[in-house]
Amino acid sequence: MIKIGIIICARYKDCGGGKCFRALSERKGGFARYGTKEDVKIVGYSTCGGCPGGNVEYTGEEMVKNGAQVIHLATGLLVGYPPCPYIHTFKDFLEKRYGVKVVVGTHPIPKKYLDIHTSLGTWEDTDEWEPLLAQTMTDEATRKAYD
């Protein structure tokens, strides 16, 4: 069994996690890394606490105490406007402090978010964004399905 935690952007603190949980069930986006035969259990779901992410330290610790082996930074941290300026910091901190794997992304990027960020040029610096977006970029049909 693989135990995971999910940290979402505080802007979406009222999010019920529908797209994340659906993607986990379907093994899409950031969850495609887990085989369909692997048992995956969510052991924590919380926000970053708002900029600059004061809750990341505490929620990360709690998730690890609950057995988290992997922490996913939710897709909302990538597709919100602006995207999270602390995403690299969160990833580095969680990996170094708690020794867990951190995956950027949960559900696939919905088409409407890809379209707006493309038109705004948000992710033009491919050296910075490509590795962060890699887990959540999917085919057109999947992007539309997650709109």
Side-chain angles (χ1 to χ4, degrees), residues 1-51 53 55-56 59-60 62-64 66-96 98-147:
M1 166 148 333
I2 300 168
K3 295 180 180 179
I4 66 168
I6 299 173
I7 298 176
I8 68 172
C9 175
R11 289 180 287 189
Y12 311 114
K13 67 181 181 246
D14 294 328
C15 178
K19 284 185 176 89
C20 290
F21 294 122
R22 174 181 163 200
L24 178 59
S25 176
E26 295 175 351
R27 299 302 200 263
K28 301 279 187 183
F31 301 120
R33 66 187 326 98
Y34 308 113
T36 55
K37 294 183 182 186
E38 287 185 271
D39 283 337
V40 179
K41 180 179 180 180
I42 295 177
V43 297
Y45 181 88
S46 187
T47 75
C48 65
C51 291
N55 196 40
V56 169
T59 199
E62 186 69 20
M63 289 176 183
V64 170
N66 288 336
Q69 300 151 294
V70 182
I71 295 177
H72 284 258
L73 299 177
T75 300
L77 293 160
L78 295 168
V79 301
Y81 195 82
C84 177
Y86 301 104
I87 199 161
H88 292 288
T89 304
F90 295 167
K91 183 178 186 319
D92 292 345
F93 173 79
L94 290 164
E95 287 180 339
K96 285 183 174 70
Y98 303 113
V100 295
K101 173 74 177 156
V102 175
V103 175
V104 177
T106 49
H107 62 78
I109 293 176
K111 182 182 182 321
K112 63 185 174 185
Y113 292 114
L114 179 61
D115 290 349
I116 191 66
H117 283 288
T118 300
S119 71
L120 292 169
T122 306
W123 301 322
E124 285 180 355
D125 182 353
T126 56
D127 289 340
E128 177 184 0
W129 289 106
E130 194 171 301
L132 296 175
L133 297 167
Q135 301 296 313
T136 56
M137 284 294 188
T138 57
D139 60 85
E140 184 81 5
T142 302
R143 284 194 292 274
K144 286 181 181 179
Y146 276 81
D147 261 350

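Because the structure is a prediction, the values reported are computed rather than measured.
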Answer yes or no: are there more than 12 heavy-atom neighbours, outside Tyr113 itself, under 6.0 Å from its atom OH? no

Thr75 side chain to Thr106 backbone, donor-acceptor under 3.5 Å: yes

Any side-chain heavy-atom pair from Lys112 and Ile116 closer than 4.5 angstrom? no

Glu140: what forms a side-chain hydrogen bond (donor to acceptor under 3.5 Å, both in side chains) with it, not counting sequence neighbours? Arg143

Test side-chain contact (heavy atoms from CB on, under 4.5 Å) on Leu77 and Tyr86 and set out the steps. CA-CA 9 Å; Leu77 293 160; Tyr86 301 104; over 6 Å; no

Smallest separation among heavy atoms of Val103 and Gly30, with atom names: CG1-O, 4.2 Å

Would you say the side chain of Asp147 lies within less than 4.5 Å of the side chain of Pro110, judging by non-hydrogen atoms? yes

Phe31 and Ala23 have their tightest heavy-atom pair at CD1-C, 3.6 Å

List for me each residue that meets side-chain hydrogen bond (donor to acceptor under 3.5 Å, both in side chains) alongside Thr142, sequence neighbours excluded, and say none if there are none. Asp139

Contacts of type side-chain hydrogen bond (donor to acceptor under 3.5 Å, both in side chains), residue Thr122, not counting sequence neighbours: His117

Ile109 versus Trp123: any side-chain heavy-atom pair under 4.5 Å? yes

Measure across Tyr146 and Lys19 and return the closest heavy-atom pair with its distance rounded to 0.1 Å. O-CE, 2.6 Å

Does Ile42 reach the side chain of Phe21, with side-chain heavy atoms less than 4.5 Å apart? yes

Please name the pair of heavy atoms, one in Tyr98 and one in Gly60, separated by the smallest distance, quoted to 0.1 Å. CE1-C, 4.0 Å

So the side chain to side chain donor-acceptor pair (under 3.5 Å) pairs with at least one residue in residues 28-44 (sequence neighbours excluded) are Arg33-Gln135, Tyr34-His72

Do Leu132 and His88 touch side chain to side chain, with heavy atoms closer than 4.5 Å? yes

Can you see which heavy atom on Lys91 is nearest to which on Val104, and at what distance? CD-CG2, 4.0 Å

Could you list the donor-acceptor pairs under 3.5 angstrom formed between side-chain atoms of residues 1-18 and any protein atom two or more places apart in sequence or on another chain?
unit_1 : atom_1 : unit_2 : atom_2 : d
Arg11  : NH1    : Tyr81  : O      : 3.0
Arg11  : NH1    : Pro82  : O      : 3.1
Arg11  : NH2    : Pro82  : O      : 2.9

Could you pull out all residues at least two apart from Ser46 that satisfy side-chain hydrogen bond (donor to acceptor under 3.5 Å, both in side chains)? Asn55

Worked verdict on Leu73 versus Leu94 for side-chain contact (heavy atoms from CB on, under 4.5 Å): CA-CA 10 Å; Leu73 299 177; Leu94 290 164; 4.1 Å; yes

Residue Glu130 excluded, over 12 heavy atoms near CD under 6.0 Å: no

